[in-house]
Amino acid sequence: MTSSFPITTVLDLIEATLPSFNQPLIDQMSAEQQTPFRILVATLLSLRTKDTLTAVVAPRLFAHADTPAAMLALGEQRIAELIYPVGFYHNKARSLIAIAHMLLERYNGAVPSDLEALLTLPGVGRKTANLVRTAGFGLPGICVDIHVHRITNRWGYVATKDPDATEMALRTMLPAQYWIPINRLLVTWGQNICHPTSPRCSTCPVATYCARIGVTRSR
DNA sequence: AAAACGGGGGC
DNA sequence: GCCCCAGTTTT
């Protein structure tokens with residue numbers, strides 16, 4: 001069962017109503033703070049973690065280390081202590097140290113914008129790499145996180161359990177102008193309306209376009 | 001394909 | 001008490 005409406009129609013409707021909703025982590029950061037490095041670090045901290053919690057913890061880390069060199073100076077143990085509440089803190093601290101080393105050795109301390117280069121960084125998968133590209137550099141990419149994955153599948157435009165497969169499906173379906181904004185749109189939607197369990201369908205502006213697949217159960 | 005990594009918050 | 005969270009790596 002798939003929707004008979006173009007996905008771009010639904011995305012346009014969401015775009016129009018977006019300002020009235022709370023915005024996700026990256027959009028809460030000031031323009032000054034939306035550097036590729038900060039976005040990379042904040043995104044890594046936020047994996048499998050509420051972004052509202054990351055929004056509290058990340059500034060704590062940035063106050064001590066805002067560059068790869070400062071991250072190395074801080075050290076893995078101290079980083080782990082600072083980011084403890086976000087969970088997976090040992091893995092994340094180790095990844096941040098390894099990333100700082102690689103950025104200094106291979107990219108002169110800068111964050112690369114190339115997708116393949118980003119994917120070689122430890123702890124960085126397709127979701128993180130594409131978010132750095134789109135939010136950090138304004139470059140084309142489709143960042144498929146749990147929200148983009150759940151909602152596009154719930155609508156009926158995509159039918160897959162694998163987020164990477166969802167990204168590939170959207171690449172063939174979505175005009176280029178929607179590649180960057182779809183993530184911001186659907187993360188906001190997922191956090192405010194289209195929840196994993198108990199989505200607010202009765203007040204959802206695009207409910208008539210939705211196949212409502214998997215509404216009663218997530219994943 | 002499945003396990004492991006993890007504390008915090010919602011209900 | 002149970003489920004989920006802007007995933008990725010390892011087995």
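First the proteins, then the strands, lettered A, B, ... as listed; each starts at 1.
Note that the first and last nucleotides of DNA chain B, 5' to 3', having any atom under 4.0 angstrom from a heavy atom of chain A are B:dC5 to B:dG8.
Atom CG in A:Leu25 sits roughly 15 Å away from atom C1' in C:dG7 (whole-Å rounding). Between the CD atom of A:Gln23 and the P atom of C:dA6 there is a distance of 14 Å, given to the nearest Å. Put simply, CD1 on A:Ile99 is 13 Å from C1' on C:dG7, counting in whole angstrom units. Spacing between atom CG of A:Asn91 and atom C1' of C:dT11 amounts to 14 Å, rounded to whole angstrom units. One atom, CD1 of A:Ile146, and another, P of C:dC5, lie 6 Å apart when rounded to the nearest Å. Atom CZ of A:Phe88 is separated from atom P of C:dC4 by 14 Å (rounded to the nearest Å). In this entry the distance linking NZ of A:Lys127 with C1' of C:dA6 reads 4 Å, nearest Å. Whole-Å rounding puts the A:Lys92 NZ to C:dC5 P distance at 14 Å.
For A:Gly136 against A:Pro36, the heavy-atom pair with the smallest separation is O-CG, 3.8 Å. Shown here for A:Leu96 and A:Ile79, the closest heavy-atom pair between the two residues is CD1-CG2, 4.0 Å. Nearest heavy-atom pair, A:Cys194 versus A:Arg154, reported as atom, atom and distance to 0.1 Å: SG-NH1, 3.2 Å.
If you check every strand for non-hydrogen atoms under 4.0 Å, A:Val86 touches a base. If you check every strand for non-hydrogen atoms under 4.0 Å, A:Thr49 touches a base.
DNA chain C is contacted by both A:Ile26 and A:Pro122; A:Ile26 maps to the nucleotide lying nearer its 5′ end (nearest heavy atom per residue). Taking the nucleotide of DNA chain C with the nearest heavy atom to each of A:Leu121 and A:Ser46, the more 5' of the two is matched to A:Ser46.
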- Strand DNA chain B as a dot-bracket string - pairs counted if Watson-Crick or G-U with both distances under 3.5 Å, | where the partner lies in another strand: |||||.|||||
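Separating the P atom of B:dA3 from that of C:dC3 is a span of 16 Å, rounded to the nearest Å. Nucleotides B:dC5 and C:dC5 are separated by 14 Å at their C1' atoms, to the nearest Å. Taking atom P on both nucleotides, B:dG9 is separated from C:dT8 by 24 Å, rounded to a whole Å. Rounded to the nearest Å, the gap between the C1' atom of B:dG6 and that of C:dC4 is 13 Å.
Checking the phosphate oxygens (OP1, OP2) of C:dT9, no side-chain nitrogen or oxygen of A:Arg48 falls inside 4.0 Å. Contact annotation: A:Thr128 side-chain N/O to C:dT8 OP1/OP2 distance is under 4.0 Å.
Geometric assessment of A:Arg48 against the ring of A:Phe88 yields a negative cation-pi assignment under the 6.0 Å and 45° thresholds.
Using the six-membered ring where Trp is involved, A:Tyr89 and A:Tyr84 have ring planes that are tilted, between 30° and 60° apart.
Checking A:Thr120 against A:Arg106 by side-chain atom types alone, a donor-acceptor pair falls below 3.5 Å. For the residue pair A:Asn91 / A:Arg94, a side-chain donor-acceptor distance below 3.5 Å is found, with atom types taken as modelled.
The main-chain N or O of A:Ile26 is found under 3.5 Å from a side-chain atom of A:Gln34 such that the two form a donor-acceptor pair.
Atom CD of A:Gln28 sits about 8.5 Å away from atom OG1 of A:Thr52, to the nearest 0.5 Å.
A:Tyr107 is not listed as a side-chain neighbour of A:Met102, based on a closest heavy-atom distance of 4.5 Å or more.
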